[in-house]
Undergrad: 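Okay, handing you the structure first.
Along the sequence shown, residues carry numbers from 1.
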Amino acid sequence: MMMELPVAVIGAGPVGLAAAANLVARGLAVKVYEAGIAAGANISDWGHVRLFSPWAYNVDQAARSLLEKAGWRAPDEAVYPTGADFVREYLAPLAQSPALAPVIEYGARVRTIGRRGIDKVVSRARELHPFQLTIVDSDGRVRRELARAVIDASGTWASPNPLGAGGVAAEGEEKFADRIAYSIPDVLGGDRASYAGRTTVVVGAGHSAANALLDLAELATQEPATKAIWLTRGSNLSRVYGGGADDQLAARGDLGQRLRQLVEAGRIELVAGFAVTTVREASGQLALDGETPDGPRAIGSIDRIVVCTGQRPDLTLTRELRIELDPWLESAKALGPMIDPNLHSCGSVPPHGHRELSHPEPGFYTAGIKSYGRAPTFLMLTGYEQARSVVAAIAGDMVAADDVQLVLPETGVCTTAPESAGGCCGGPAPTELDACCAADASAKTQGKAGCGCSSSAKASEAVQAQ
């Protein structure tokens with residue numbers, strides 16, 4: 001009976017649909033549950049934002065095969081799509097393809113996942129009990145469905161980190177939520193009226209913050225009273241400024257360089273090393289209180305706040321499963337040391353697949369950006385290879401599952417992590433070893449190809465994976 005059940009895929013985003021395409025290609029039954037009203041619902045929230053990777057990096061190979069059978073013509077690989085382009089020209093046609101359309105349910109939120117007939121404590125014959133998913137549909141009706149395996153590709157977009165620097169909402173944050181955005185507002189389009197001629201504080205030091213700041217700077221050229229203040233918790237901005245011409249994704253390098261130029265020209269006010277503790281009202285506007293290396297400080301005369309401090313995974317639906325997570329990133333545990341921003345600032349990750357994405361719960365996998373937990377720098381290429389490897393493992397093709405090949409575009413950045421005395425990747429490598437850093441040296445002494453933070457290490461790991 002177990003083998004006749006479908007594989008449940010949670011989320012009809014790019015990685016969830018890639019997993020579904022791989023399952024269909026292998027002749028395995030699949031059911032996709034999407035909480036939104038359409039495929040790529042989360043991406044549609046930032047549809048005005050242009051991706052910094054061109055089409056060449058954004059189409060899964062199994063998905064491409066399904067689409068081409070349905071007469072789909074691929075976009076120009078050199079073009080950089082917006083989020084809306086990506087949904088309209090790729091995700092929507094994929095979800096509507098004859099192979100996938102019948103297996104996707106929209107407005108279906110997975111509330112919990114467990115094992116039929118047993119709870120989390122029971123070990124005996126656990127793998128013989130099918131997964132039981134509790135589904136809430138768009139009308140609020142609750143039902144339960146069974147699955148032989150589960151791939152959680154639900155993402156993290158719906159669980160943004162708060163403004164408060166301590167990981168919980170700052171004092172007053174919930175009270176003034178109507179003046180706080182937790183996404184990338186379309187300040188040049190649909191959200192223009194809320195930002196034109198006003199002072200906006202953007203909090204965060206990643207690419208989402210960069211996009212919001214660049215749009216606000218452009219708005220200021222059209223509406224001169226518009227002002228942007230950039231607030232960051234840390235003082236090392238190398239990750240968002242990027243590697244410039246050394247970045248193998250030109251648009252990503254350009255994004256950071258444009259932001260740096262605006263800051264240096266005084267068009268964006270930068271306040272670095274500010275940890276927000278309180279949001280309060282002052283003279284009809286907002287003010288922020290926070291801690292800095294020099295002591296308490298306040299920033300006032302604020303109209304709007306845009307919070308781009310990343311996202312975190314929603315862990316409630318897996319409470320009854322045996323899940324093993326990195327204790328601070330909340331990523332798949334084996335991935336933690338590879339992507340920890342306290343150790344690695346390179347923006348790269350070694351090849352990984354089903355083994356790193358599995359849990360003590362047999363048949364359950366976390367894939368896509370949710371597998372990274374709270375860590376940044378996830379690329380769709382990573383998710384596509386994750387999906388391919390996981391599906392191969394579910395199909396029992398362990399040769400293909402272990403044949404993980406992933407070479408990501410270099411960021412051109414590798415800086416000293418301020419939280420670690422050893423620096424990025426554990427510090428410099430011993431001089432007698434051919435290694436880029438201490439982590440690379442340690443990996444090589446254990447017979448591995450390397451840590452993955454340098455071009456040579458990643459290239460050798462890709463060759464080894466073949």
Undergrad: Above 12 or not: heavy atoms from other molecules or residues under 6.0 Å from CZ of Arg143?
TA: yes
Undergrad: Taking the six-membered ring for Trp, are Tyr372 and Phe378 parallel (under 30°), tilted (30 to 60°) or perpendicular (over 60°)?
TA: perpendicular
Undergrad: Tell me if a side-chain donor or acceptor on Thr112 pairs with a main-chain N or O of Leu317 at a distance below 3.5 Å.
TA: no
Undergrad: Answer with yes or no after comparing the ring centroid distance for Tyr365 and His359 against a 6.0 Å cut-off, counting only values under it.
TA: no
Undergrad: Taking Glu77 first and then Arg64, would you say they form a salt bridge - that is, a charged N and a carboxylate O separated by under 4.0 Å?
TA: yes
Undergrad: To check you understand the geometry: which heavy-atom pair defines the closest contact between Gly83 and Ile43, and what is its length?
TA: O-CG2, 3.6 Å
Undergrad: Would the distance check show the side chain of Lys370 and the main-chain N or O of Asp314 forming a donor-acceptor pair, the cut-off being under 3.5 Å?
TA: yes
Undergrad: Could you give the distance from CD1 (Ile113) to CD (Glu361), rounded to the nearest 0.5 Å?
TA: 9.5 Å
Undergrad: State whether the side chain of Arg148 and the backbone N or O of Val7 hold a donor-acceptor pair below 3.5 Å, judged by distance alone.
TA: no
Undergrad: Taking all heavy atoms of Pro341 and all of Pro376, pick out the closest pair and write down the distance.
TA: CG-CD, 4.2 Å
Undergrad: By side-chain hydrogen bond (donor to acceptor under 3.5 Å, both in side chains), which residues pair with Arg312, not counting sequence neighbours?
TA: Asn161
Undergrad: Gln257 and Gln261: side-chain donor and acceptor closer than 3.5 Å?
TA: no
Undergrad: Under a 3.5 Å distance rule, please check whether Asp191 uses its side chain to pair with a backbone N or O of Ser194 as donor and acceptor.
TA: no
Undergrad: Which of parallel (below 30°), tilted (30 to 60°) and perpendicular (above 60°) describes Phe131 and Phe364?
TA: tilted
Undergrad: So which heavy atom on Leu133 is nearest to which on Val150, and how close?
TA: CD1-CG2, 4.2 Å
Undergrad: Does the Glu173 side chain pair with the main chain of Gly164, one donor and one acceptor, at a distance under 3.5 Å?
TA: yes
Undergrad: So with a 6.0 Å cut-off around CD of Glu4, is the heavy-atom count from everything else above 12?
TA: no
Undergrad: Please check this pair: side chain of His48 against backbone of Ile184, looking for a donor-acceptor N/O pair closer than 3.5 Å.
TA: yes
Undergrad: When you look at Gln61 and Glu385, which way does the side chain to side chain contact (heavy atoms under 4.5 Å, CB included) test go after all the steps?
TA: CA-CA 10 Å; Gln61 290 306 306; Glu385 183 62 3; over 6 Å; no
Undergrad: Under a 3.5 Å cutoff, is there a donor and acceptor pairing between the side chains of Ser53 and Asn58?
TA: yes
Undergrad: Regarding Asp85 and Trp55, do their side chains bring together a donor and an acceptor under 3.5 Å, going by distance alone?
TA: no
Undergrad: Check whether more than 12 heavy atoms from other residues, nucleotides or ligands sit under 6.0 Å from atom CD of Glu174, and answer yes or no.
TA: no
Undergrad: Calculate, to the nearest 0.5 Å, the distance between atoms CG and CG belonging to Asp152 and Leu357 respectively.
TA: 11.5 Å
Undergrad: Could you walk me through whether Arg26 and Val391 pass the side chain to side chain contact (heavy atoms under 4.5 Å, CB included) check?
TA: CA-CA 8 Å; Arg26 287 184 171 272; Val391 169; 3.8 Å; yes
Undergrad: Regarding Ser123 and Arg322, is there a side-chain donor-to-acceptor distance under 3.5 Å anywhere?
TA: yes
Undergrad: Are Glu330 and Arg374 within salt-bridge range, i.e. N to O under 4.0 Å?
TA: yes
Undergrad: Spell out, as yes or no, whether a donor-acceptor pair under 3.5 Å connects the side chain of Glu356 to the backbone of Gly353.
TA: yes
Undergrad: Consider only side-chain N and O atoms of Gln405 and Arg388, and report whether a donor and an acceptor are under 3.5 Å apart.
TA: no
Undergrad: Hey, does the side chain of Trp230 reach the backbone of Leu259 with a donor-acceptor pair shorter than 3.5 angstrom?
TA: no
